[in-house]
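Notes for the one structure printed next.
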Amino acid sequence: MGPTPETTMQFLYALRSKGVTDARVLSAMEEIDRGPFVRGLFAERAYEDMPLPINCGQTISQPSVVGLMTQALQINPRDKVLEVGTGSGYQAAILSKLARRVYTVDRHRRLVQEARAVFADLDLTNVTAVTGDGSFGLPEQAPFDRILVTAAAEDPPGPLLAQLKIGGIMVVPVGQSDAVQTLIRVRKTEDGLEYDELRPVRFVPLLEGLSRDS
Ligand code: SAH
């Protein structure tokens with residue numbers, strides 16, 4: 001059972017009022033029901049504009065932040081996109097509506113398995129979830145037109161910059177894990193990398209290696 005039309009209206013209104021104005025992003029977010037990505041205790045809060053806890057001590061991001069990050073990526077329909085930090089799979093599902101192909105990597109095997117199950121339920125066939133340390137990217141599928149990191153790094157990871165095409169865009173929260181982080185957009189041009197700072201954000205840290213618990 002999805003949200004009522006009234007709940008959807010309120011959800012979209014909250015996104016617009018926080019600056020998510022791109023029509024394609026808004027329609028992708030209207031199409032993808034956040035409900036199935038939020039399980040258990042917090043399911044009834046799925047349509048509120050707030051981050052919520054998911055398994056493995058992680059969080060599903062705030063919808064308006066998902067919208068702003070997606071908008072900042074300026075995705076074209078032909079693009080191949082990499083997301084680092086699958087979490088619930090919600091962000092990847094939205095990317096899958098905008099891009100040709102999406103790969104998403106998480107260091108928690110359990111989260112990857114759960115996200116795959118939701119992608120299958122929703123018939124999202126152009127998104128592949130992989131267990132791995134996403135700070136090394138996904139060399140076998142590189143290069144990417146767009147890369148989105150949904151965990152905070154101290155610096156944009158070198159392997160990810162290397163796996164970005166010329167003309168590509170990467171969006172990544174940068175900063176110390178417990179301090180305020182800044183959302184950065186990196187454009188790779190013939191002449192090098194151009195950085196711009198988008199807004200303050202707060203994400204869980206990008207950690208090294210696979211998780212040992214799951
Ligand atoms: N995009 C997610 C939310 C991400 S939460 C969503 O839409 O729900 C951040 C995720 O990054 C967590 O699931 C965490 O396990 C993952 N993560 C942290 N460090 C990582 C790394 N080095 N490689 C891959 N995933 C990582």
Side-chain angles (χ1 to χ4, degrees), residues 15 20 25 28-29 32-40 42-43 45-73 81-99 102-119 122 124 127-139 141 144 146-160 163 170-178 181 183 201-214:
L15 295 176
V20 184
V25 173
M29 293 186 76
I32 299 291
D33 180 1
R34 192 170 181 243
F37 296 95
V38 181
R39 270 169 293 269
F42 292 94
R45 310 191 74 168
Y47 309 111
E48 294 176 28
D49 190 29
M50 43 172 10
L52 294 169
I54 57 171
N55 286 330
C56 305
Q58 305 303 314
T59 49
I60 176 172
S61 310
Q62 184 175 350
S64 56
V65 172
V66 170
L68 291 167
M69 289 176 97
T70 308
Q71 190 166 282
L73 275 177
V81 181
L82 173 67
E83 181 199 24
V84 175
T86 310
S88 67
Y90 178 63
Q91 170 75 73
I94 288 161
L95 296 173
S96 81
K97 290 289 173 191
L98 298 167
V102 178
Y103 294 90
T104 179
V105 187
D106 204 287
R107 58 190 290 280
H108 285 278
R109 177 167 290 118
R110 176 172 174 194
L111 293 177
V112 167
Q113 285 167 344
E114 290 173 346
R116 279 183 189 147
V118 185
F119 299 153
L122 299 182
L124 304 177
V127 49
T128 304
V130 180
T131 306
D133 181 346
S135 40
F136 297 102
L138 213 54
Q141 303 299 342
F144 298 96
R146 301 289 185 264
I147 299 178
L148 177 59
V149 185
T150 62
E154 286 189 24
D155 292 299
L160 297 184
Q163 289 171 32
M170 172 159 115
V171 171
V172 52
V174 169
Q176 303 293 329
S177 55
D178 285 334
Q181 306 147 1
L183 193 62
V201 282
R202 185 154 191 174
F203 276 85
V204 300
L206 189 71
L207 298 176
E208 271 179 35
L210 292 187
S211 161
R212 303 201 310 139
D213 43 280
S214 60

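All values reported here derive from a predicted model rather than from experimental measurement. Read the numbers this way: they start at 1 and go in the same order the structure lists the ligands and their atoms.
- P205 counts as a contact of ligand 1, since one of its heavy atoms falls under 4.0 Å from the ligand.
- The side chain to side chain donor-acceptor pair (under 3.5 Å) test with R110 is passed by exactly one of H108, E114, Q113: E114.
- Between the side chain of T59 and the backbone N or O of S61, no donor-acceptor pair lies under 3.5 Å.
- If you number the atoms of ligand 1 from 1 as listed, the ones under 4.0 Å from a heavy atom of D133 come out as 21 (C), 22 (N), 23 (N).
- Nearest to atom 12 (C) of ligand 1 among the protein's heavy atoms is Q58 OE1, 3.2 Å.
- Under a 3.5 Å cut-off, the side chain of R146 and the backbone N or O of V81 do not form any donor-acceptor pair.
- Close approach of ligand 1 to G132 (heavy-atom distance below 4.0 Å) involves ligand atoms 23 (N), 24 (C).
- Ligand 1 does not have G209 within reach: every non-hydrogen atom of the residue lies 4.0 Å or more from it.
- By the 3.5 Å distance cut-off applied to N or O atoms, L207 is counted among the residues near ligand 1.
- The protein heavy-atom contact nearest to atom 23 (N) of ligand 1 is G134 N, 2.7 Å.
- Contacts with ligand 1 closer than 4.0 Å are made by no heavy atom of C56, backbone or side chain.
- Inclusion of S88 in the set of residues having an N or O under 3.5 Å from an N or O of ligand 1 is warranted.
- A donor-acceptor contact shorter than 3.5 Å is absent between the side chain of Q58 and the backbone of P53.
- Every atom of ligand 1 with a heavy atom of L111 under 4.0 Å away is listed here by number and element: 13 (O).
- When Q91, R34, M69 are checked for heavy-atom proximity to atom 7 (O) of ligand 1, Q91 turns out nearest.
- Nearest to atom 13 (O) of ligand 1 by heavy atom, out of D106, L52, L95, is D106.
- Annotation: ring pair (Phe, Tyr, Trp, His ring centres under 6.0 Å) contacts of F144 (sequence neighbours excluded): none.
- Distance check: I94 CD1 to L124 CG gives 10.5 Å after rounding to the nearest 0.5 Å.
- Residue-level proximity to ligand 1 for V204 is carried by the side chain, the only part with a heavy atom below 4.0 angstrom.
- Of the possible donor and acceptor atoms, none in the side chain of D106 sits under 3.5 Å from a partner among the backbone N and O of T131.
- The protein heavy-atom contact nearest to atom 11 (O) of ligand 1 is G85 CA, 3.3 Å.
- Counted by atom type alone, D33 and Y90 present zero donor-acceptor pairs between their side chains at under 3.5 Å.
- The closest donor-acceptor contact from the side chain of Q181 to the backbone of F203 lies under 3.5 Å.
- Residue-level proximity to ligand 1 for I54 is absent, since no heavy atom of it falls below 4.0 angstrom.
- Using modelled atom types, no side-chain atom of E154 and backbone atom of L206 make a donor-acceptor pair closer than 3.5 Å.
- Here the shortest heavy-atom distance to atom 1 (N) of ligand 1, taken over H108, E83, R107, belongs to E83.
- The atoms of ligand 1 that sit less than 4.0 Å from any heavy atom of V105 are 24 (C), 25 (N).
- Contacts between T59 and ligand 1, counted as non-hydrogen atom pairs separated by less than 4.0 Å, involve the backbone only.
- Classification of E208 and R107 as a salt-bridged pair fails, no side-chain N sitting under 4.0 Å from a carboxylate O.
- Remark: the backbone N or O of G85 is paired with a side-chain donor or acceptor of T150 at under 3.5 angstrom.
- Residue S61 has no N or O atom closer than 3.5 Å to an N or O atom of ligand 1.
- Those atoms of ligand 1 that come under 4.0 Å of a heavy atom in I60, given as number and element, are 8 (O).
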